[in-house]
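Not measured: the values here are computed from a predicted model.
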Amino acid sequence: MASDPKGSQLRRILLIFFSLSIILPLSSPSPTMHNNNWAVLVCTSRFWFNYRHMANTLSLYRTVKRLGIPDERIILMLADDMACNARNNYPAQVFNNENHQLNLYGDNVEVDYRGYEVTVENFLRVLTGRHEASVPRSKRLLSDEGSHILLYMTGHGGNEFLKFQDTEELQSHDLADAVKQMKEKNRFKELLIMVDTCQAATLFSQLQSPGVVAIGSSMKGENSYSHHLDPDVGVSVVDRFTFYTLAFFERLDMYSNASLNSLFTSYDPTLLMSTAYYRTDLYERPLNMVPVTNFFGSVMKTIPTDSAYPGFLVAHASEYATISAETETARVVLEDEADHSKTYDQSEKGLQHILDEWLKLLEGKLGVKDPEVLVAYGLGSMVLLLTISTWLSS
Amino acid sequence: MADETSAAAGTSTETGAGTESNLRTTKPGTKRLFLTVSVLISFLVGAPFLLKSTEIHRSPLPSAAISSLSDHLHSNPPSFPCHFQAIFLSPFKPSDSSLSLSVAERIRAQLSAQSCGNCNFTVSVTVDSGSSCRHEGDAASAACLWECGGGGLVDAIEGRDDQGIDELLLSAVNERTGGCAGRVYSVFVMEGRDERVVIGKHRHAWMVLKDLDDSTSVGSMIGTVFGDYFMRGGVEKGEYIPVGSDGNVVLSFSLLNSNPSDWIYDWDFQRTGEVLLAPVLEALAPVANITMESQVLYHAPKSSISYWDEKLEAYVVNTRDLPFFVNSNEWHLDTSLSASGRSKVLQFVVYVPSASECPLYIRTPEGEISKTNAFISPMWGGVAIWNPHGCSMQSQGIHLVRDVLPPQELEKIIEIFIGQLRILFGLNSNYVEPSPTFKFLASEKGFTNWELDLLYRQHTCFNLLSSLSTLQSLSTLVESLPRMIVMDEIGKQVELSLEAANLAERNISLGINNASALSSIRARALAEDAFFHPSIMSISYSSMEHYFAIYMPFFAPVSLHVLLAAVKEVKRYFAERSKYLAFRASKLKSS
């Protein structure tokens with residue numbers, strides 16, 4: 001009998017667990033399909049001595065394009081003051097290696113936010129999608145619930161912040177807040193954050209949203225170092241973390257399936273001179289099962305079309321056979337309607353329109369062609385009226 | 001001053017006596033007290049005005065209404081009233097009188113697992129064969145019951161082709177089911193020699209069966225037509241909603257010349273395409289506001305590899321290479337002028353291969369050559385490959401060919417695009433008939449009326465749920481940032497969105513599908529406008545610390561002084577007053 005209450009309790013627990021396991025799958029949303037990749041590449045520094053940050057960003061841009069993400073799905077934010085800088089020995093060329101083998105600025109670089117447009121506000125607007133209505137599509141992150149987004153940031157950073165263009169900072173809680181709002185609106189399926197700054201790992205320490213994996217080039221209290229100095233250009237041309245990332249990707253092409261785990265474990269702390277720290281607690285898939293092309297390349301799910309919609313042409317022909325003769329008149333009617341709508345628009349302008357009409361009427365009556373002269377006449381008559389009335393009233 | 005000196009004099013004269021040192025002969029003055037206290041009181045009176053004038057303008061959001069509507073929609077998801085009626089035009093004697101029940105059973109089995117867009121159906125069976133007229137099952141209302149007297153239909157149907165029968169039955173349905181014509185799905189059952197089932201392009205189907213005695217098989221056939229097709233559209237997979245959040249879709253048609261040095265093709269899309277596609281766009285108006293544009297591009301090679309196949313004497317692209325077909329670096333498809341920030345653009349591409357890879361075919365996973373030479377990518381669009389005629393023989397051609405895509409070829413390609421559009425919206429491009437006797441009529445609108453109903457239901461449901469969840473997120477966000485400015489525009493958009501959502505829900509229960517779809521699009525667009533309003537930026541709202549930092553430097557020192565002065569003055573006044581009262585008391589005693 002002593003074991004009975006325990007047994008009944010066990011049964012109750014099992015029942016609850018069982019019912020939960022039935023209920024939970026019903027309440028969880030069906031998993032969405034991954035159908036496109038986006039990249040947001042941000043270089044937060046300006047001035048000549050931060051050459052390496054722009055070279056970092058451009059190298060990653062080139063890699064991501066090579067692996068298949070098109071310009072329409074890349075948001076590139078650069079201060080863009082290196083290539084044509086007066087101090088640049090190689091005008092219009094940006095290198096990431098002292099062997100100068102690759103000109104990163106060579107061709108087909110589409111910068112979406114350049115110069116002083118790279119601000120914390122614009123960055124957060126890109127992430128959350130809250131733009132003014134006039135912002136063109138190329139400057140928006142048009143991701144949906146099936147998108148994987150790669151967010152790469154480089155520049156000068158510190159404990160829980162990232163410095164933007166030497167005037168403002170992006171705090172880690174701002175970034176976490178933006179990511180939370182993105183997740184609420186289902187603007188991404190998975191997000192990979194790569195940060196190459198000093199104390200990079202602190203920037204994503206406040207993230208809470210699921211589906212995010214983040215890697216930083218250094219931990220709290222550590223600096224990230226540049227790789228080498230180019231004596232010709234006169235400044236350091238690439239950072240260590242990005243250099244080894246690029247070395248990893250040079251071996252890959254569109255078809256490879258190297259995993260994210262191999263990328264993350266390829267960083268050697270002695271070579272980096274810092275610890276590349278990554279957090280996967282918000283990410284459900286195991287890293288060794290995620291190919292890097294899930295973020296860095298382009299995925300297009302394709303389904304061959306079995307058949308057309310047969311009978312459409314026949315149905316169309318039979319339905320509209322008698323109307324073909326009327327299409328000419330229909331076209332004319334449409335044009336008239338277009339004119340009507342134009343005049344309707346004009347009348348809607350209201351006061352402005354009335355004033356214009358009045359002015360035209362006056363011009364006609366007085367025979368004066370130049371509206372300026374007309375206005376001068378009007379002002380003169382007003383002044384005259386005023387003086388007369390004051391003289392009369394005094 | 002005078003009081004003080006007199007008080008001092010008073011005390012000095014009295015100190016010699018030693019009995020009462022705290023006496024004064026005159027009433028203490030009230031001027032200073034009045035001054036300090038009035039300043040303090042003015043500060044206190046003005047404080048609410050200050051708070052009111054520096055208050056953050058927050059337009060009130062109807063959070064309670066949002067959450068109640070959201071809970072209501074989640075607990076009972078919108079279900080659309082569909083009425084299915086089976087009409088027997090030949091004499092039918094069921095072995096057991098529960099045909100409607102078995103039909104309902106079959107339909108219920110087809111109810112999809114996802115709860116959105118399902119039909120709340122009723123089934124009725126009518127036997128109308130000249131002499132007898134029998135009803136069974138439940139009708140949605142008396143008006144939706146089939147009026148008997150259609151016995152002459154069977155004869156009228158004899159000898160007509162399928163299109164004619166479809167039109168005839170349409171007029172019969174309009175005549176005999178009165179007010180419910182747009183909300184009732186009908187199946188006409190007849191007896192005949194050649195068994196066939198034809199599903200028309202309006203909201204009815206007819207079947208000719210050899211023997212009507214086996215009521216279970218008849219019931220299951222009828223149930224298949226209702227459940228599999230009319231209710232579910234013959235699809236198993238989940239829904240695709242390729243509509244932008246502002247309710248706009250842009251169909252962008254591009255003709256890509258892979259290598260212009262081989263040949264250049266142009267097309268007259270304006271005339272052919274717009275004429276063919278206008279009815280489709282009109283039919284889909286309650287689902288999205290669709291616009292079309294077209295362009296011709298040059299130097300647009302594909303980025304995947306094709307292999308020469310000896311047997312076919314053609315170049316073949318495997319299915320496995322299709323994901324890499326679209327060369328996004330060279331294909332500049334994203335040049336839409338009419339697409340605003342939140343519209344959805346669907347790309348339809350006609351690819352003309354170069355001489356070095358012509359003719360080009362796609363090989364399906366089964367190893368066959370694709371009949372359409374086309375593929376789609378969900379939520380992106382579709383690609384169709386068109387091989388110029390005689391291109392294999394023209395591989396040595398040096399002279400440049402400039403030609404126009406023949407209109408008949410363009411029409412065939414548009415047929416493929418319509419099929420792809422159907423797949424992109426979640427239906428089948430063509431129905432794989434379960435048995436040779438099923439036939440589906442095609443509609444010039446690209447979608448039959450019953451398919452359109454299905455789309456309206458799915459989209460209405462999706463839009464409603466999406467707009468409610470957006471509004472819910474917005475109200476949570478606004479509540480979590482108590483010092484964020486909420487502009488009037490946002491409040492108005494939220495109100496309008498709620499209104500449209502309520503209207504859509506009411507229309508759903510009334511069964512007016514296209515009105516509810518339109519209202520639901522509006523609700524979603526307004527909700528998204530409110531959520532993505534550019535003024536909701538967390539870094540630009542003034543936090544409590546900001547507020548303090550502005551006002552503290554002035555008010556803190558000043559208020560400290562005022563308070564101290566008032567306190568000191570009140571204390572002094574009461575001290576002097578007690579001295580005066582003591583003096584008065586002593587005078588009374590002595591006199």
Open item on the list: Among A:D306, A:V314, A:D71, A:N36, which residue has the highest count of heavy-atom pairs closer than 4.5 Å to chain B?
Closed with: A:D306
- [ ] Could you check which of B:S466, B:P378, B:S469 has the highest count of heavy-atom pairs closer than 4.5 Å to chain A?
- [x] B:P378
Open item on the list: Could you check whether A:R130 makes a cation-pi contact with B:F531, meaning its NZ or CZ is under 6.0 Å from the centre of the six-membered ring and within 45° of the ring axis?
Closed with: yes
Open item on the list: Take a 6.0 Å sphere around CD of B:E167 and say whether it holds more than 12 heavy atoms from other residues, nucleotides or ligands.
Closed with: yes
TODO: Among A:K139, A:R125, A:E184, single out the residue with the greatest number of heavy-atom pairs under 4.5 Å to chain B.
DONE: A:R125
- [ ] Please look at A:R140 and chain B and tell me whether the side chain, the backbone, both or neither of the residue comes under 4.5 angstrom of a heavy atom of that chain.
- [x] side chain
- [ ] Would you check if the side chain of B:T372 reaches a backbone N or O of A:A308 as a donor-acceptor pair within less than 3.5 Å?
- [x] no
- [ ] Could you tell me which non-hydrogen atom of B:S443 sits nearest to which non-hydrogen atom of A:A315, and how far apart they are?
- [x] C-CB, 3.9 Å
Task: Segment of B:L322 engaging chain A (4.5 angstrom heavy-atom cut-off) - done: both
Task: Contact origin within B:V280 toward chain A - heavy atom pairs under 4.5 Å - done: side chain
Task: Nearest atoms (heavy-atom pairs only) where B:S343 meets A:R137 - done: O-NH1, 3.0 Å
Task: Nearest-0.5 Å distance that lies between atom CE in B:M537 and atom CG in A:N122 - done: 8.5 Å
Open item on the list: Using a 4.5 angstrom heavy-atom cutoff, name the option from B:S429, B:S303, B:P365 with the most pairs to chain A.
Closed with: B:S429
- [ ] Quick one: pull up CD1 in B:I423 and OG in A:S307 and give me the separation to the nearest 0.5 Å.
- [x] 7.5 Å
Task: Side chains of A:P310 and B:F440 in contact at under 4.5 Å (non-hydrogen atoms) - done: no
TODO: For B:F532 and A:T128, work out which heavy atoms get closest and say how close.
DONE: CE2-O, 3.0 Å
Task: Rounded distance (nearest 0.5 Å) linking atom CG of A:L142 with atom CZ of B:R342 - done: 10.5 Å
Task: Under 4.5 Å from a heavy atom of chain B, the part of A:L313 involved - done: both
- [ ] Would you name the heavy atoms of B:T448 and A:Y309 that are closest together and state the gap between them?
- [x] CG2-OH, 4.0 Å
Task: Spacing of B:L277 atom CG and A:F312 atom CZ [to the nearest 0.5 Å] - done: 6.0 Å
TODO: Tell me, yes or no, whether the heavy-atom count around B:Q270 atom CD, taken from other residues, nucleotides or ligands under 6.0 Å, exceeds 12.
DONE: no
Task: Reported OG-to-NZ distance for the pair B:S245 and A:K185, which is rounded to 0.5 angstrom - done: 7.0 Å
Task: N/O donor-acceptor pair under 3.5 Å between A:T302 side chain and B:I376 backbone - done: no
Task: Pairwise distance NZ(A:K180) to CG(B:L477) - rounded to 0.5 angstrom - done: 7.5 Å
Open item on the list: Quick check on the interface: out of B:K371, B:Q420, B:E411, B:H332, who has the most heavy-atom pairs with chain A under 4.5 Å?
Closed with: B:E411
Open item on the list: Quick check for you: among B:N430, B:V345, B:T364, which has the greatest number of heavy-atom pairs under 4.5 Å with chain A?
Closed with: B:N430
TODO: Under 4.5 Å heavy-atom distance to chain A, tell me which part of B:E528 shows up: side chain, backbone, both or neither.
DONE: side chain
Task: Residue part contacting chain A, namely of B:D246, when any heavy atom lies under 4.5 Å - done: neither
- [ ] Taking A:H316 for its side chain and B:V275 for its backbone only, find out whether a donor-acceptor pair lies under 3.5 Å.
- [x] yes
